[in-house]
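Presented below is the structure to which this report refers.
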Number of protein chains: 2
Amino acid sequence: MSTIGKALSLLDTLSRLDKEVGLTDIARLCALDKATARRFLVELERHGFVEQDPDSRRYRIGSAPVRLARIREARYPFLSIAVPFIKALADTSAETVHLSEFSGGRLSTIHVEDPPRAHRIIVDVGSLLPFHATASGLAFLAFCPRAEIDQALRKPLEKFTDHTVVDPHLIRGLLDETAARGFSISHQGLEAGVISAAAPVRAPDGRPVGCVAVAAPLSRTTETAIHEFGAQANAAANGISEKYYGSERLTGTSPETRRRD
Amino acid sequence: MSTIGKALSLLDTLSRLDKEVGLTDIARLCALDKATARRFLVELERHGFVEQDPDSRRYRIGSAPVRLARIREARYPFLSIAVPFIKALADTSAETVHLSEFSGGRLSTIHVEDPPRAHRIIVDVGSLLPFHATASGLAFLAFCPRAEIDQALRKPLEKFTDHTVVDPHLIRGLLDETAARGFSISHQGLEAGVISAAAPVRAPDGRPVGCVAVAAPLSRTTETAIHEFGAQANAAANGISEKYYGSERLTGTSPETRRRD
DNA sequence: AAGCTGAGGTTCAAATAATGAACCATAGGC
DNA sequence: GCCTATGGTTCATTATTTGAACCTCAGCTT
């Protein structure tokens, strides 16, 4: 692996910890030598990607990503374009609607809209969505090239609940269904008692960039209702994509041919 | 320079461009070989720090920094803590108040509050503040260790207006004044007709992390008024620092001894 | 249509930078 | 005063990075 990759993985590891850590821990967590970890941290610090607490000597994410994020969002405000769609869907569905974005090989939650009712599903911004066990993950995978599906299903698949589907063959079946109808359904895949439906937001080349998902308590959600949520998520996702990518002309490869090529 | 440093500089360069650029341009701007630039871009893309438009093949900042920024801000919400202070100062001063943060060797604007009047100074979020020619830059430098002041003043200093002070000796004089009274004043240093006063937000160890600045049209600003703004900026900066760093105990080295050591 | 131009992208021997075992320094606990 | 654990550093060894030259393709010129 390249040095750059290792340094960025360190940054990623650091970002996933819920507390500041010292040099020794970082080295251990990243499977790096202490000297190497230190050199990376110094270099990352020089550029503002990490900072070291001058007192405790522990490290945390620095302010450079904040600056980059501002620039990216200013030039490419995905979230601000998507949020109104998510809000609208939360209103009409009266359930929790969340938006995820694919980044660095993972699908992470970037926005959540709660419906105005007490009994609802709680989703945290920033939470990561396993591909095999969430509606968003399935919706995302279903529209990925075959090679990436294979890669995702080769990894060990965690069984989060009694209902989590972990058999790669069965998952492929779910992906086919998803691709056919335009949205996925996860029946208690990540957490018991929760059902959700999701549809991918796709770039003009057909590649998914994230997902819109509706999550509801299983107890009050009928088969008809979850399919309706799925269709609405699909409409929202398409709306976001259209507004975000605007008049960008489609590439030679059409969305249809791109899927699972 | 380390490979990591070069890759992060590439990212920095990419972030400073106001349009998406192709491989050849990036290589030229970063003084890198085309093959090297490409390897960096591929590696950065793998981790979501850049993305390539699949159609135009140009590169832009990716979404990974957005994720990191969210995490940092969630754990360490500098801006959300500082904004109320900036807003309050914009109200009482009735002038533009902006907040900057030091990152990657530069001071960049991270928030601006406009006062409710038509004739006012416009400052853009994201703009970089030269150390020698802005109130923020001077306020920041004045509380830095001597070695860093020397380093900053060794570089060639651009003369932005007829009033920009570029003589290192004179600048040191301004820094001494600033350190003594707790805030800096820039008299048309960056732009003619603008006067501003700034004070540093300092970490518990005394190190400045950013600045609060008030910028006003020279035409309506008296000597007394700008000193008043400076004092208010200082109060705001101290308020932010206190709220941000909270109960963090000071290190052995006190703020006083740390200055220009 | 043939030939050019300049873009993105790739290869592989040579050059350079990364690596990590062993080291030092310091702080806290006993 | 010793022990241990932490952060931090050194330098000979080793693996990665480097870049000139190359390929490929799309658009333009003649």
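The analysis underlying the following values was restricted to heavy atoms, covering all of them including side chains, and did not include hydrogens, waters or symmetry mates. Note on naming: letters A, B, ... go to the chains in the order of the sequence lines (proteins, then strands), and numbering restarts at 1 for each one.
- Between R58(A) and L32(B), the residue whose closest nucleotide on DNA chain D is further toward the 5' end is R58(A).
- Rounded to whole Å, atom P of dG7(D) lies 8 Å from atom CD1 of I26(A).
- Between dT6(D), dG19(D), dT19(C), one nucleotide has an atom nearer to the side chain of F40(A) than all others, and that is dT19(C).
- Under 4.0 angstrom from either OP1 or OP2 of dT19(C) there lies at least one side-chain N or O belonging to K6(A).
- Between R57(B) and dA7(C) there is no side-chain N or O to OP1 or OP2 distance below 4.0 Å.
- Atom CD of E51(A) is separated from atom CZ of R58(A) by 15.0 Å, given to the nearest 0.5 angstrom.
- Between dT17(D) and R39(B), no contact under 4.0 Å exists linking OP1 or OP2 to a side-chain N or O.
- Using a 4.0 Å cut-off, some side-chain N or O of T36(B) falls inside it from OP1 or OP2 of dG19(D).
- Within 3.5 Å, a donor on the side chain of K34(A) pairs with an acceptor on the base of dG8(D), or the reverse.
- Comparing dA18(C), dG20(C), dA20(D) by their closest approach to the side chain of D33(B) singles out dA20(D).
- Listed candidates were dT6(D), dG19(D), dT17(D). Nearest to the side chain of T3(B) is dT17(D).
- In this structure, of dG8(D), dG20(C), dG7(D), it is dG8(D) that holds the atom nearest to the side chain of R38(A).
- Closest approach to the L23(A) side chain among dT6(D), dG8(D), dT10(C) is made by dG8(D) (side chain taken as heavy atoms from C-beta onward).
- In this structure, the side chains of H98(B) and S136(B) come closer than 4.5 Å at one or more pairs of heavy atoms.
- Here the C1' atom of nucleotide dG7(D) and the CG atom of L41(A) are 11 Å apart, to the nearest Å.
- Listed here is the closest heavy atom pair of L14(A) and R60(A): CD2-C, 3.8 Å.
- Look at Y59(A) and you won't find any side-chain N or O under 4.0 angstrom from OP1 or OP2 of dT6(D).
- Taking atom CG of residue L44(B) and atom C1' of nucleotide dT17(D), one finds them 15 Å apart after rounding to whole Å.
- Remark: D12(A) engages R16(A) in a salt bridge, criterion side-chain N to carboxylate O under 4.0 Å.
- Atoms CG (L10(A)) and P (dT19(C)) sit 11 Å apart, rounded to a whole Å.
- To the nearest angstrom, P of dT19(C) lies 12 Å from CD1 of I4(A).
- Rounded to a whole Å, the CG atom of D25(A) is 13 Å from the P atom of dG8(D).
- To the nearest 0.5 Å, the span separating CD on Q52(A) from CD on E20(A) amounts to 10.0 Å.
- Within 4.0 Å of Q52(A), counting heavy atoms only, lie sugar-phosphate atoms of the nucleic acid but no base atom.
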